[in-house]
Amino acid sequence: MRLLAHNLMCSHVRGVKNGYPLGLAATEVRFLDEVAEKAIAEQMAEDSDASDGEYGLPEYNDDVMANIWPKVVYSVLHQAASALGHAEGLPPPKVAVSPSMGVDAATVASSSNPDLASLTEQERKTIYRILFYLDVVEGSLTCPESGRVFPIVKSIPNMLLDEDEV
Amino acid sequence: MSDAAVAPPCSSELQRFLVKFADSHPAFCAPEFLSVAKVLGIECAIEVDGQPVKDAYSFSQPSPFIYVYLPNEAAARAIARRSILVRAILREWASATSYEELLDQIRNDPPGDMVDFPAGKTFAMRVEGYHQRLSIEYQREMINRIGECCPPAVYERGRVNLRSPDVTWCLIEEYISRGPLQRVYFGTRVAEGIRVTDHLLDRFRLNRRSYLGTTAMDPELAFLMANMACSAPGRVVLDPFVGTGSLLLSVAALVPGVQVLGTDIDPRTVRGLGRPVAGSRPGTNALTNFQEIGLAHSVDLVLCDASRSPWRLPGFTGQSTARLAGFVDAIIADPPYGVRESAQQLTQRLRPRSCAEPNDERYILKTNYPPEQVYADLVDFAALHLPVGGRLVYWLAVITEFFTPEDVPRHPAMNLVALCPQSFSRWTRFLVVMEKTREPAFDAGSTTAAGGPLPLACSLAPG
C-alpha cells in the first residue's frame with residue numbers, strides 16, 4: 001500500500017465518526033522506484049534485444065503532481081511518513097492533524113497544503129517519492145476511533161469488515 | 001440517451017480528416033475518438049450525414065472510415081498517439097466509388113502537397129485494401145495509374161524513399177466482406193495509430209502475463225475503457241471490482257502518471273491464493289503483472305466490499321465538521337454479472353481453506369448480490385465520488401432477447417454519454433459511459449430500471 005492510498009482511505013466501521021486518518025504502522029516498507037529499477041535491469045539481462053526501456057524508470061512529473069496535489073491532505077501524508085521514519089526532506093505541514101479541526105473542504109484539501117509553487121524542486125520531488133513510491137509491504141492500519149486494526153499483507157490492505165461491523 | 005445534438009457548423013478553422021479505424025469494434029470508434037479529443041483538450045467533431053457533430057457518441061456506421069474535424073495536423077497526431085481504435089489519420093484529396101472517377105479528381109484538382117512538393121524531400125506511395133488482400137503486382141499497377149495523374153513536380157523534385165519518407169500518400173480500397181469495391185480513398189497520411197506504431201495489442205496479450213483470471217478483460221477493450229474514462233496523468237481511476245487487475249493494468253500502461261486504485265471482495269483473486277488459473281505462474285498475484293512491466297508505482301489494491309468501501313468520501317473526514325474534496329476522477333468496472341463470476345456481498349463469515357495468510361485472518365464473502373443491485377450501487381457510488389464531469393465506464397450484460405433501453409441504470413446526477421453494444425450469441429454486453437452532471441441531491445434517490453429508489457446514496461450522505 002502506497003501512502004497515496006493511506007491518504008485516501010478512512011475507517012468505515014459502523015458507527016465510527018472520526019475515522020480519518022487511519023493510524024499507520026509497518027514492519028516492512030520498500031521504495032517502488034527501486035523495485036522498478038531492479039525489474040528493468042533483470043529484463044535487460046534476460047533479453048539482450050530489449051530496446052532500452054520499453055518502460056522507463058518512473059520519473060518526477062510536474063503535471064502529475066499538480067493534478068494529485070488538491071486530492072491529498074499533506075498534513076496526513078507528513079504524519080504517515082513520520083510514522084514510517086521517512087519524513088526526512090519533507091517540508092513541514094502548515095497545520096498538524098488534530099481531531100478538533102473545524103474547517104471546510106477547500107481548507108483541508110488544498111488550502112492547508114503548502115502551495116506547490118512555494119516549494120523547492122527538491123521538496124516537490126521528495127513529496128512525490130513518498131506519496132507514490134513508498135510502499136508498506138507488511139503492517140497495519142488502525143481506526144482512530146474504534147481501534148479496529150486492518151492488516152496489510154504483501155502490500156494489500158485487508159479492509160473487509162466483520163458481519164457486526166457493517 | 002439524448003439524441004446526438006447537431007452542433008452548429010464548426011468554426012471554419014477546423015480541418016477535415018479521414019480516419020481509418022480498426023474494424024474490431026465499429027460501435028466504439030466515434031465515442032472513443034471524441035473521448036480522446038476531450039481528455040487532450042482538442043476541439044473535435046465527427047461527420048454525420050455530411051454535418052460536423054460534436055457530440056456524436058451514439059453514432060455508428062458499418063464502414064471503418066469516418067471523417068472528423070480537427071484544428072490541425074498536430075491534433076491528429078496527438079489523438080493517434082492515444083486512441084486504440086485509430087489505424088491511421090489522413091488528409092483526404094480524393095475519394096470515389098471507382099478508379100476512373102478518383103483519377104479524374106486527382107487530375108482536375110491535384111493534391112496541394114503534390115503541386116508544391118518541396119525539392120529534395122522524399123515520398124512514398126502505399127496501396128492498401130480493406131477487407132481485401134492486394135497482390136504486389138496489383139499494388140504496383142495502381143501506383144503507376146496514380147503516378148500518371150500526379151503533377152510532375154513530385155517526380156521532378158522529390159525522391160522515393162519507402163523506409164522513412166517525408167510524405168506518404170495512401171490509396172485505400174474499401175471492400176465489404178469480399179464483395180465488390182465499395183470506395184477508394186486517396187490522401188496524405190498524417191498519423192498512424194498507436195496500435196500500429198507500438199504493436200500495443202501484441203505487447204499486452206493476456207498470455208504474456210504471469211497472473212491470469214477467468215474473466216481477464218481483452219486488452220483492446222480495456223484500453224478502450226481507459227480512453228472512454230478520460231484517464232490522464234495525475235488523475236485517479238478506480239475499479240471497484242478489480243479481480244486480477246486487467247482493466248487497471250491497461251489504464252496504467254496507456255497513460256503514464258495516472259494513478260489506479262482497485263478493490264475486490266475476493267482475497268483469492270487479488271492475492272492469488274485460490275486454485276491457479278491455467279497459464280498463471282505460481283506465487284503470483286494481481287500486483288505481479290504491474291511489477292513485471294514496471295508499473296507498480298501507479299497502483300494500489302485494497303480488499304474490501306464494493307458496497308462498503310473505505311474510500312474517503314467527499315465532504316467527509318470523520319472530523320465532525322471538516323470536509324474534503326473528492327479524489328476519484330473516473331470509475332471503470334466490469335461488474336460481476338453472474339455469467340462467469342458470481343456476485344458476492346458481505347453477509348456471512350467464510351474462510352476458504354486456501355487463504356492461509358497468518359496475519360490476514362478475516363475473510364468474509366457476501367453471497368446473493370443481485371446484478372441489478374450491483375449496477376445500481378455502482379452508479380450511486382459514482383454519483384457520490386466523481387467530480388462533476390467525471391466519468392463512469394462499465395459493462396452491462398443483458399439477455400439479448402429481453403433487453404429494453406429501460407434496463408440501463410439511470411441516475412438524476414449522471415448523464416448517459418455512450419452505449420456501445422458487443423453482441424454474443426444469446427447475450428449482449430454494453431459498454432456504458434456515464435458522466436456526472438451535478439452533485440446528487442441526497443433527498444431524491446436514484447431510479448433503477450425497476451423504478452425503485454436506491455437507498456445507498458442516502459445512507460452515505462454526509463450530515
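Quick note: numbers below take in every heavy atom, side chains included, and nothing from hydrogens, waters or symmetry partners. Residue numbering restarts at 1 for every chain, and letters A, B, ... go by the order of the sequence lines.
- Between Gln259(B) and Arg2(A), some side-chain heavy-atom pair lies under the 4.5 Å cut-off.
- In this structure, no portion of Thr263(B) lies under 4.5 Å from any heavy atom of chain A.
- Residue Asn7(A) touches chain B through both its backbone and its side chain, counting heavy-atom pairs closer than 4.5 Å.
- Taking all atoms of both residues into account, the shortest heavy-atom contact from Arg30(A) to Gln291(B) is NH2-NE2, 3.2 Å.
- Interface residues of residues 230-240 of chain B toward chain A, defined by a heavy-atom distance below 4.5 Å and sorted by number: Pro233(B), Gly234(B), Arg235(B), Val236(B).
- Atom CG of Leu303(B) is separated from atom CG of Asn158(A) by 5.0 Å, given to the nearest 0.5 angstrom.
- The candidate from Ala296(B), Ser298(B), Pro310(B), Cys304(B) with the greatest count of non-hydrogen atom pairs under 4.5 Å with chain A is Pro310(B).
- Summarising the geometry, atom CG belonging to Asp300(B) is positioned 8.5 Å from atom CG belonging to Leu8(A); distances are rounded to the nearest 0.5 Å.
- Taking CG of Leu287(B) as the start and CG of Leu32(A) as the end, the distance is 9.0 Å to the nearest 0.5 Å.
- Between the CG atom in Leu160(A) and the CG atom in Asp266(B) there is a gap of 9.5 Å [rounded to 0.5 Å].
- No part of Arg14(A) comes within reach of chain B, as not one of its non-hydrogen atoms sits under 4.5 angstrom from that chain.
- Heavy-atom distances place the backbone of Val299(B), and not its side chain, under 4.5 Å from chain A.
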Side chain to side chain contact (heavy atoms under 4.5 Å, CB included) between Asp305(B) and Leu161(A), intermediate numbers included:
CA-CA 8 Å; Asp305(B) 182 343; Leu161(A) 294 172; over 6 Å; no
ring-ring contact (aromatic ring centres under 6.0 Å, His included) assessment of Tyr133(A) paired with His297(B)
CA-CA 6 Å; Tyr133(A) 302 157; His297(B) 62 281; 5.6 Å; yes
